[in-house]
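First the proteins, then the strands, lettered A, B, ... as listed; each starts at 1.
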Amino acid sequence: MHELSIAQSIADAAREQASLNGGRRVLRIGVRVGEISGVAADALEFCFGMTVRDTDLDGAVLELEPVPVRYRCASCRHEFHPVEFLADCPACGSTGASMVAGDELGLSFLELE
Amino acid sequence: MTERVEVRQNVLKENDRIAGELRRGLAERATLCLNLISSPGAGKTSILEGTLEALGGTPLRVAVLTGDIQTERDADRLKRYGFPALQITTGGTCHLDASMVQRAMASLPSPDLDLLLVENVGNLVCPASYDLGEDAKVVVLSVTEGDDKPLKYPGIFRRARLMLLHKIDLLPHTRFSRDAAVADARRVNPEIEVLETSCVSEPGLGAFVRWIEQRLAEKRQAGRPARD
């Protein structure tokens, strides 16, 4: 349950970005949540609501964008969603694939008033 | 009128900034820093005890930071080996973050160390997200936990450099498949190194201690100015 710390970090990051953009009110915050980032979306939304209540971010909507794990085949460059992290490429059958998405936890956009 | 601004920023940017400071400080002193992560009861503290005992006869300067939600018990256990051991009591937080490590390091008797061992809070999920400035995350998987953990908790197995298959002496008493555990860990992290350890019987912790000594040698090599 580290979602409260994550929610506070999102709020801090959003405030920083909002102040870089003229200190306008933040209406919506987009966050990319990788499948293996270890963050539970429900808990994060709950904690975010709690952490911004009665602050300048009160009312801002947290929009979570789940990012599935994606592998890229080292041989044929095909990208695919692995079944249980198996690196077998469905296109060419080789096994050397590396993860290119799925462990991120990042701000993607802000909607400002 | 509303405006949408695209942002590309890691949510844990502030933690990453402090971790970067820690990493630079550790590099300047050629201090190797390992971050031990496991579920509660996997054996992190016992592994540290055995490691400190093994390193006791060497000239290495070692310190330990041990994280727990409550109690000073681990630090009390680890102080017996003659090296500084500080408890980081998180008071409810389920992981260590870089600022906790930075504050604790300031309380160590000296920052001049060869090896800093950080024992994270027992948890296979949350600690994986937080960079502490370490050289390597070491994930401890004890065989009594089951061989399905690498695919159930892929985040930490992906980010760890080394996996210790611990309590390996108990293998005959469990249904744990070491082949399955290693294969699954390598699905999420093809580069992960694996060693087998036990605190109570063979093979002991020798392989882990040698692994640390190899990493120490690499760290010193990296810290040495290049010759022309």
Go through it in stages, so that I can follow the logic: the residues are A:S108 and B:E6, the test is side chain to side chain contact (heavy atoms under 4.5 Å, CB included), and I'd like the CA-CA distance, side-chain angles, deciding distance and then a yes or no. CA-CA 6 Å; A:S108 57; B:E6 301 300 320; 5.5 Å; no
Hey, could you give me the OG1/CG distance between B:T2 and A:L27, rounded to the nearest 0.5 Å? 6.5 Å
Greatest number of heavy atom pairs closer than 4.5 Å to chain A - which of B:P127, B:G155, B:A183, B:P190: B:G155
Which value, rounded to the nearest 0.5 Å, describes the distance between A:Q8 atom CD and B:E14 atom CD? 12.5 Å
Chain B contact via A:L110 - which portion, at a heavy-atom distance below 4.5 Å: both
Verdict with reasoning, B:H95 to A:S5, per side chain to side chain contact (heavy atoms under 4.5 Å, CB included): CA-CA 10 Å; B:H95 59 270; A:S5 326; 3.5 Å; yes
Heavy atoms of B:R158 and A:I36 approach each other most closely as CD-CD1, 3.7 Å
For A:E16, is it the side chain, the backbone, both, or neither that has a heavy atom closer than 4.5 Å to a heavy atom of chain B? side chain
Measure distances from B:R159 to the heavy atoms of chain A and classify the residue's part below 4.5 Å as side chain, backbone, both or neither. side chain
Please look at A:V31 and chain B and tell me whether the side chain, the backbone, both or neither of the residue comes under 4.5 angstrom of a heavy atom of that chain. side chain
Part of A:R32 lying under 4.5 Å from any heavy atom of chain B: side chain
With a 4.5 angstrom heavy-atom cut-off, could you sort out which part of B:V5 is near chain A: side chain, backbone, both or neither? both
Given the rule in the side chain to side chain contact (heavy atoms under 4.5 Å, CB included) test, do A:H2 and B:S129 qualify, once you have shown the distances and angles that lead to the verdict? CA-CA 9 Å; A:H2 61 320; B:S129 299; 3.5 Å; yes
Which value, rounded to the nearest 0.5 Å, describes the distance between B:N189 atom CG and A:S98 atom OG? 11.5 Å
Gap between atom CD1 of A:I10 and atom NZ of B:K13 - 0.5 Å precision: 14.0 Å
Search all heavy atoms of A:E84 against all heavy atoms of B:L151 and return the closest pair with its distance. O-CD2, 3.8 Å
After noting the C-alpha distance and the side-chain angles of B:L12 and A:I6, does the key distance pass the side chain to side chain contact (heavy atoms under 4.5 Å, CB included) rule? CA-CA 7 Å; B:L12 295 173; A:I6 303 274; 4.1 Å; yes
Heavy-atom cut-off 4.5 Å, strictly under: side chain, backbone, both or neither for A:A13 against chain B? both
Inspect the surroundings of CZ in B:R73 and state if more than 12 heavy atoms from other residues, nucleotides or ligands are less than 6.0 Å away. no
Measure A:D103 against the heavy atoms of chain B and call it side chain, backbone, both or neither at under 4.5 Å. both
Closest non-hydrogen atom pair, A:V83 against B:R187: O-NH1, 4.1 Å
Need one label for A:S37: side chain, backbone, both or neither, based on atoms under 4.5 Å from any heavy atom in chain B. backbone
Please say whether the positively charged group of B:R4, taken as NZ for Lys or CZ for Arg, lies over the ring of A:F109, i.e. under 6.0 angstrom from the six-membered ring centre and within 45 degrees of the axis. yes
Whatever's closer than 4.5 Å to a heavy atom in chain B on A:R24 counts as side chain
Checking B:Y153 against chain A: side chain, backbone, both or neither under 4.5 Å from a heavy atom? neither
